Participant: 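One structure coming up, written as structure tokens, with questions to follow.
Only a predicted model underlies this, so the values are computations on that prediction, with no experimental measurement involved. Order of the sequence lines sets the chain letters (A, B, ...), proteins ahead of strands, with each chain counted from 1.
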Amino acid sequence: MKKNSLIATSLLLGFITAFLAVSVFFVNSITSNIIAKSEATQLNSYYETIFPESDYEVIYNSQKDKDKSANILTVATASKDGEIIGYLYLTYTTGYSSDVISLIGIDKTDAKIVKVIVTKQSETPGLGTLSTQPKFLDQFMDKVTNEELKTKDNITAITGATITSKAVVDSVNESFNDFNNNYMK
Amino acid sequence: MKVSDIFKNGIYKKNAIFIMLLGMCPTLAVTTSLSNAIGMGVSVIAILTMSNILISILRKVIPPAVRIPAFIGIIAALVTVIEMLIHAYIPTLYISLGIYLPLIVVNCIILERAESFASKNKVIHAAFDGLAVGLGFSLALIIIAFFRELFGTGALLGFHILPASTNMLIMILPPGAFLTLGILLGVISHFTNKKKEELENE
């Protein structure tokens, strides 16, 4: 290859990749806000199923604050008539093949779980994906925060998806710990 | 070049999975259920058609010496942009297809079609080729997923067909993917070999 064409080719490739980078940047700058917004409304609708008709306020965000366990992404309060009725923990733990993100709602007055929702996972279809089903998640209802949950004692793991089940249990224990240390009366 | 030949080649004569053995990684990974196979298939048809069109338009601009890095860059940027657009504007579609799109970036079928077809042919033919190869890929995924979901969970698309006692957990785990693919490849080459022998004997 001649020296001239070598330079020309490299420049052209550089130009192509630069153009691609700029177009990805451009699309990202348009869409990132919309994506963040739609994810926030999605999360709000999950809040709504746990503590209906309440006002929610995010009091901890792991992107800004660092004083909680790394597994806790956000903590939000749910309040009715200006009084806090419960806490909503968004946590992540590593499952079998993906990060399992679960939302745990804890009632403030009796320190019990109201509901657990697995909001995001890409575990093995037919096995780990069963972790989003009520059959597994309903077991967590009414568990008290000073109880340590274990897949062999008080929670029945999903057959063939022990690691995914354990990931959800770990998430719940993590939020129990934090609740007991910070918000328990 | 005849359009019917493009479709024949893409769908069965040179089927990406069963004949060319391309794109094995997503094939083995996502065929645990029919709905996964359909989701992956639809995503590949859409991305492959678009990337073929784009590469074909740019085929005279891209210098031959650096075509491979240019193709990889174009495909990766295209998939990323589409993923972000779907995530922002069609969130319901993103929930069902979102996990497949990042897998497509590393799917060698897309690069293979760009290199061996789209970079040498007219835009319209490249578009048909993307559609045809994508359809062939989807068809193969659906066949593999059909057997894996049926024997692994006793259900198809979530509807229970076989009693739970016949479920073989191994079929929806990684070994089941290799077993199913191996048996299917064996059956297919049995028939293609038979055809060849018949032709030789005549």
Side-chain angles (χ1 to χ4, degrees), chain A residues 1-43 45-46 96-99 101 119-130 132-133 158-163, chain B residues 29-37 39 54 58 61-92 94-95 98-100 102-103 145 148-149 151-155 158 164 167 169-174 176-177:
Chain A
M1 198 187 281
K2 273 187 201 156
K3 207 178 173 189
N4 266 349
S5 75
L6 185 69
I7 293 169
T9 319
S10 326
L11 278 178
L12 198 53
L13 181 64
F15 178 76
I16 291 171
T17 45
F19 175 77
L20 292 172
V22 168
S23 43
V24 171
F25 167 78
F26 179 70
V27 175
N28 184 42
S29 63
I30 299 172
T31 55
S32 62
N33 274 335
I34 305 171
I35 291 172
K37 225 186 233 170
S38 80
E39 278 187 345
T41 38
Q42 180 69 36
L43 194 59
S45 72
Y46 286 131
Y96 180 68
S97 56
S98 66
D99 281 343
I101 300 184
T119 61
K120 208 174 175 185
Q121 50 80 30
S122 34
E123 301 284 289
T124 321
L127 297 172
T129 49
L130 295 178
T132 59
Q133 302 292 315
I158 303 158
T159 319
T162 327
I163 298 175
Chain B
V30 306
T31 51
T32 48
S33 71
L34 261 184
S35 57
N36 269 354
L54 204 61
L58 296 172
V61 186
I62 297 168
V66 293
R67 65 187 189 283
I68 302 277
F71 292 164
I72 293 174
I74 290 169
I75 294 165
L78 179 75
V79 176
T80 314
V81 164
I82 290 173
E83 191 194 349
M84 290 192 287
L85 288 175
I86 292 180
H87 198 167
Y89 296 107
I90 328 172
T92 43
Y94 184 79
I95 291 168
I99 52 167
Y100 308 110
L103 291 173
R148 289 187 66 194
E149 191 181 0
F151 295 125
T153 65
N167 289 358
L169 204 54
I170 192 176
M171 291 299 279
I172 51 173
L173 295 175

Participant: With the side chain counted from C-beta on, respond yes when T132(A) and Q121(A) share a heavy-atom pair under 4.5 Å apart, and no when they do not.
Facilitator: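 They are in contact (side-chain heavy atoms under 4.5 Å apart), so the answer is yes.
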Participant: Could you look at L173(B) and say if it's the side chain, the backbone, both or neither that has a heavy atom under 4.5 Å from chain A?
Facilitator: side chain
Participant: With a 4.5 angstrom heavy-atom cut-off, which part of Y89(B) approaches chain A: side chain, backbone, both or neither?
Facilitator: side chain
Participant: What residue in R67(B), H87(B), E149(B) has the most heavy-atom pairs under 4.5 Å with chain A?
Facilitator: H87(B)
Participant: Find the distance between OH (Y96(A)) and OG1 (T162(A)) and round it off to the nearest 0.5 Å.
Facilitator: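 Result: 10.5 Å between the selected atoms.
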Participant: What part of L58(B) gets closer than 4.5 Å to chain A, counting heavy atoms only: side chain, backbone, both or neither?
Facilitator: neither
Participant: Taking OH in Y94(B) as the centre, count heavy atoms belonging to other residues, nucleotides or ligands within less than 6.0 Å. Is the count above 12?
Facilitator: yes
Participant: Could you tell me whether the side chains of S32(A) and N28(A) share a donor-acceptor contact shorter than 3.5 Å?
Facilitator: no
Participant: Is it the backbone or the side chain of T17(A) that comes under 4.5 Å from a heavy atom of chain B, or both, or neither?
Facilitator: neither
Participant: With distance as the sole test, does R148(B) use its side chain to make a donor-acceptor pair with the main-chain N or O of A145(B) at under 3.5 Å?
Facilitator: no
